[in-house]
Amino acid sequence: MSELPAPPAVLTIAGSDPSGGAGIQADLKTFAACGCYGMAVLTALTAQNTTGVQGVHAVPPAFVEQQLESVLTDIPPRALKTGMLYDRATVVAVASALRAAYPAREKMPPLVVDPVCVSTSGHQLLDSAAVDALAQDLMPLAVLVTPNTGELALLLGPEKGTVRSLADLRDGARALAGPCESEGPAVLLKGGHLRASLAEARALADADLVFASGLPGENMEVLYAGVERRTDAEVEVVVDVLRESGGRETLFVSPRIESTSTHGTGCTLSAAIACSIAQGQPVRSAVHAAIRYTHGAIASATPYGAGYGPLNHAPSLMLFPRATRADPRPFVRWLIESCRGVWKAYVEHEFVKKLGEGTLRRECFVHFLRQDYLYLKYYARAHGLLVAKSSAYSEFGAAAAIVQHVARESQMHVAFCAEFGVGAEELESTRESPACTAYGAYILDVGLRGDRSALQMALAACLIGYGEVGLWLRRQSWAVLEGNAYRRWIEDYSGDEYQGAVRVGIERLESMAAREVSCERITEWREVWERCATLEKQFWDMGLDLS
């Protein structure tokens with residue numbers, strides 16, 4: 001047997017929390033949950049619980065340096081993070097030790113600085129001299145700094161660092177990043193203390209918005225069909241602003257969770273970011289994954305203590321959140337988010353837009369219909385393979401029902417083609433295009449090589465994607481139904497029968513993910529999903545290309 005790759009080592013430099021919710025305890029739990037090997041250098045002992053901090057006993061700075069030297073000379077970390085450093089002497093000691101260990105700046109592992117200045121309960125954990133040292137000595141070594149709004153005010157001063165609105169939040173991130181963003185660390189300004197609505201977030205048209213953990217982003221209407229939805233103005237959100245080198249700005253938007261289980265949220269978030277960076281993800285992707293993980297950790301936490309309790313650092317949360325009333329289909333939403341560029345290119349393709357406008361050339365539509373008719377044969381055969389890979393009669397019946405639906409859908413293609421002057425015999429004799437063969441061969445190959453779940457994933461992008469296309473076209477103000485030669489096609493894929501089949505397909509994927517979830521399986525499914533979404537996009541390309 002070949003050896004499994006060793007989990008990347010990640011080091012935290014922080015204080016302890018005897019109640020287990022914050023500090024190195026939260027960091028080490030997060031490291032383990034995110035698939036990393038955790039190490040810890042202790043900077044301070046605290047007497048604290050969920051109600052607050054009762055006392056702090058600092059570790060001598062020289063001993064902090066000795067701990068760092070012991071670890072760094074034996075187990076090189078792939079990433080580091082800092083938490084509570086307590087006083088100026090400790091900040092300077094940590095910065096000096098890191099510079100001594102890595103005299104060549106480019107050799108230093110990525111460092112995430114969580115400027116822990118204020119606890120969740122409001123206790124100040126860093127004096128003003130230490131804040132200055134943090135900004136001057138340690139932050140320049142970092143790839144990312146993760147302050148909350150209270151810490152921003154300490155770092156910038158109350159005049160520049162006060163946050164009352166989303167505009168203030170963005171300005172604060174820009175101010176902390178500074179004018180020379182190409183030379184300094186990225187800044188993630190956490191907006192958990194700022195009240196905002198989803199409508200206010202969506203109004204920031206010039207921003208790159210990423211909707212995390214339960215908010216419908218672009219091209220996700222199929223996930224919320226039949227689910228009671230609040231208006232954007234009624235949905236309270238948390239907005240975190242990431243400011244990267246070159247001025248790139250991303251706003252991560254998550255639904256606000258009214259919970260007292262928030263002790264150690266900043267520690268958990270920065271630890272999860274460090275893990276993703278250690279695993280090779282760029283900062284933006286690492287932040288997105290960590291926000292999703294932390295949101296799930298808050299949402300699923302069990303209350304402990306009389307004050308602000310700890311999060312749930314359970315390993316399964318790293319994959320995707322649990323289903324809730326507000327977020328009933330978290331796995332499929334995660335799939336769409338994970339390759340949203342490809343998904344958007346598929347759903348909002350130029351072929352689809354022209355079809356909705358009624359301006360698609362007649363010969364392009366006929367060309368597409370003929371190839372889609374041939375693709376449906378692959379699709380039906382793949383469901384036959386699904387029967388062969390199933391073990392329960394209910395699964396046999398479900399796959400057989402889809403084959404029957406495909407047979408009915410093929411007759412719709414025959415009728416369509418007849419309306420456009422192409423008879424059944426000519427339709428059957430159509431030669432396959434390379435795009436059709438590539439897609440059909442891929443889903444059959446997945447079916448022959450993989451297990452039942454991989455094949456279900458390969459088939460889902462077509463089913464769910466066409467459902468989303470139908471709904472997307474129906475809600476566009478520019479789409480034309482009256483007098484549109486392609487109206488029937490739009491109505492078929494946005495209609496109750498097809499949308500019902502989509503809902504069944506989505507629920508099947510959600511059940512499969514909940515039953516068979518693992519990091520390796522999720523990675524495999526995501527790769528299959530993205531490949532099929534890409535092949536769907538190429539199928540639309542083929543529909544426009546008559547050369």
Side-chain angles (χ1 to χ4, degrees), residues 222 319-320 329 331-343 345-347 349 371-392 394-407 409-410 432-469 498 501-542:
V222 289
L319 302 177
F320 51 88
R329 291 143 189 155
F331 173 61
V332 177
R333 179 179 52 74
W334 175 82
L335 283 173
I336 293 173
E337 286 177 346
S338 70
C339 58
R340 63 184 183 130
V342 173
W343 185 256
Y346 164 25
V347 173
H349 196 279
Q371 294 301 319
D372 200 38
Y373 178 82
L374 299 177
Y375 168 75
L376 285 175
K377 293 185 177 182
Y378 285 107
Y379 196 71
R381 293 186 194 113
H383 279 88
L385 275 175
L386 203 56
V387 172
K389 290 178 177 289
S390 299
S391 58
S394 60
E395 294 169 352
F396 299 159
I402 292 174
V403 173
Q404 289 180 321
H405 180 85
V406 170
E409 189 176 351
S410 70
E432 280 187 19
S433 70
C436 180
T437 304
Y439 194 5
Y442 178 73
I443 60 172
L444 291 180
D445 181 58
V446 170
L448 291 169
R449 288 187 299 106
D451 62 5
R452 182 175 181 274
S453 66
L455 180 54
Q456 279 192 302
M457 191 58 57
L459 296 167
C462 177
L463 174 71
I464 298 172
Y466 271 58
E468 182 61 36
V469 164
Y498 191 84
V502 170
R503 285 192 290 274
V504 170
I506 290 173
E507 295 309 321
R508 190 173 293 123
L509 292 189
E510 294 292 340
S511 298
M512 182 180 79
R515 184 176 62 250
E516 303 181 33
V517 67
S518 72
C519 288
E520 294 77 13
R521 184 55 61 90
I522 291 295
T523 299
E524 175 194 5
W525 290 344
R526 184 203 173 282
E527 289 173 353
V528 171
W529 172 271
E530 184 170 25
R531 178 61 187 273
C532 288
T534 300
L535 288 165
E536 285 285 358
K537 186 262 182 189
Q538 291 171 353
F539 208 91
W540 294 134
D541 292 341
M542 173 273 302

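It should be emphasised that the depicted structure is a prediction, and the values quoted were computed from it without experimental measurement.
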(request) Compare every heavy atom of A461 with every heavy atom of C532, then report the nearest pair and how far apart it is. (result) CB-CB, 3.7 Å
(request) Hey, could you give me each pair passing ring-ring contact (aromatic ring centres under 6.0 Å, His included) that has a residue in residues 441-465? Not counting sequence neighbours. (result) none
(message) Using 30° and 60° as the class boundaries, would you call the ring planes of Y375 and Y379 parallel, tilted or perpendicular?
(response) tilted
(message) Under 4.0 Å between a side-chain nitrogen and a carboxylate oxygen: does that hold for E524 and R521?
(response) yes
(request) Kindly compute the distance separating CD1 (I506) from CG (L463), expressed to the nearest 0.5 Å. (result) 7.5 Å
(request) Output the distance between atom OG (S453) and atom CG (L386), rounded to the nearest 0.5 Å. (result) 10.0 Å
(request) If the plane angle is over 60° it's perpendicular, under 30° parallel, otherwise tilted; pick one for Y466 and W540. (result) parallel
(message) Under a 3.5 Å distance rule, please check whether Q371 uses its side chain to pair with a backbone N or O of S433 as donor and acceptor.
(response) yes
(message) Could you measure the distance from the OH atom of Y378 to the CG atom of L444? Nearest 0.5 Å is fine.
(response) 7.0 Å
(request) Take the angle between the ring planes of W525 and F331 and call it parallel below 30°, perpendicular above 60°, tilted in between. (result) perpendicular
(request) Measure the shortest side-chain to side-chain distance between E507 and R329 over non-hydrogen atoms and say whether it is less than 4.5 angstrom. (result) yes
(request) Measure the OH-SG distance between Y346 and C462 for me, rounded to the nearest 0.5 Å. (result) 5.5 Å
(message) With rounding to the nearest 0.5 angstrom, report the SG to CZ distance, C339 to R526.
(response) 5.5 Å
(request) List in chain and number order the residues that pass side-chain contact (heavy atoms from CB on, under 4.5 Å) with V387, two or more places apart in sequence or in another chain; answer none if no residue qualifies. (result) F396, A399
(request) Flag the pair L535 / I443 as yes when at least one side-chain heavy-atom distance between them is below 4.5 Å, and no otherwise. (result) no
(message) I need the minimum non-hydrogen distance between M542 and A435, along with the two atoms involved.
(response) CB-CB, 3.8 Å
(message) If you compare all heavy atoms of V502 against all heavy atoms of I464, which two are closest, and at what distance to 0.1 Å?
(response) CG1-CA, 4.3 Å
(request) To the nearest 0.5 Å, tell me how far Y439 OH sits from D372 CG. (result) 10.0 Å
(message) Testing the basics here: between A380 and V403, what is the closest heavy-atom pair and its distance to 0.1 Å?
(response) O-CG2, 3.9 Å
(message) Is the shortest side-chain heavy-atom distance between M457 and M512 below 4.5 Å?
(response) yes
(request) Quick one: do D541 and H349 satisfy side-chain contact (heavy atoms from CB on, under 4.5 Å)? Show the steps, please. (result) CA-CA 8 Å; D541 292 341; H349 196 279; 2.5 Å; yes
(request) State whether E527 and R531 are salt-bridged, where the test is any N-O pair (Lys NZ or Arg NE/NH1/NH2 against Asp/Glu carboxylate O) under 4.0 Å. (result) no
(request) May I ask you to test the Q456-L459 pair for a side-chain heavy-atom distance under 4.5 Å? (result) no
(request) Give every residue pair that meets the salt bridge (charged side-chain N to carboxylate O under 4.0 Å, His left out) criterion with at least one member in residues 397-406, sequence neighbours excluded. (result) none
(message) Side chains of K389 and D451, heavy atoms from C-beta outward: is any pair under 4.5 Å?
(response) no
(message) Are W343 and L335 packed together at the side-chain level, in the sense that at least one heavy-atom pair is separated by less than 4.5 angstrom?
(response) no
(message) Could you report the tightest heavy-atom contact between G467 and V222, atom names first, then the distance?
(response) C-CG1, 3.5 Å
(request) Locate the shortest heavy-atom distance separating L509 from A460; write the atom from each residue and the value. (result) CD1-CB, 3.6 Å
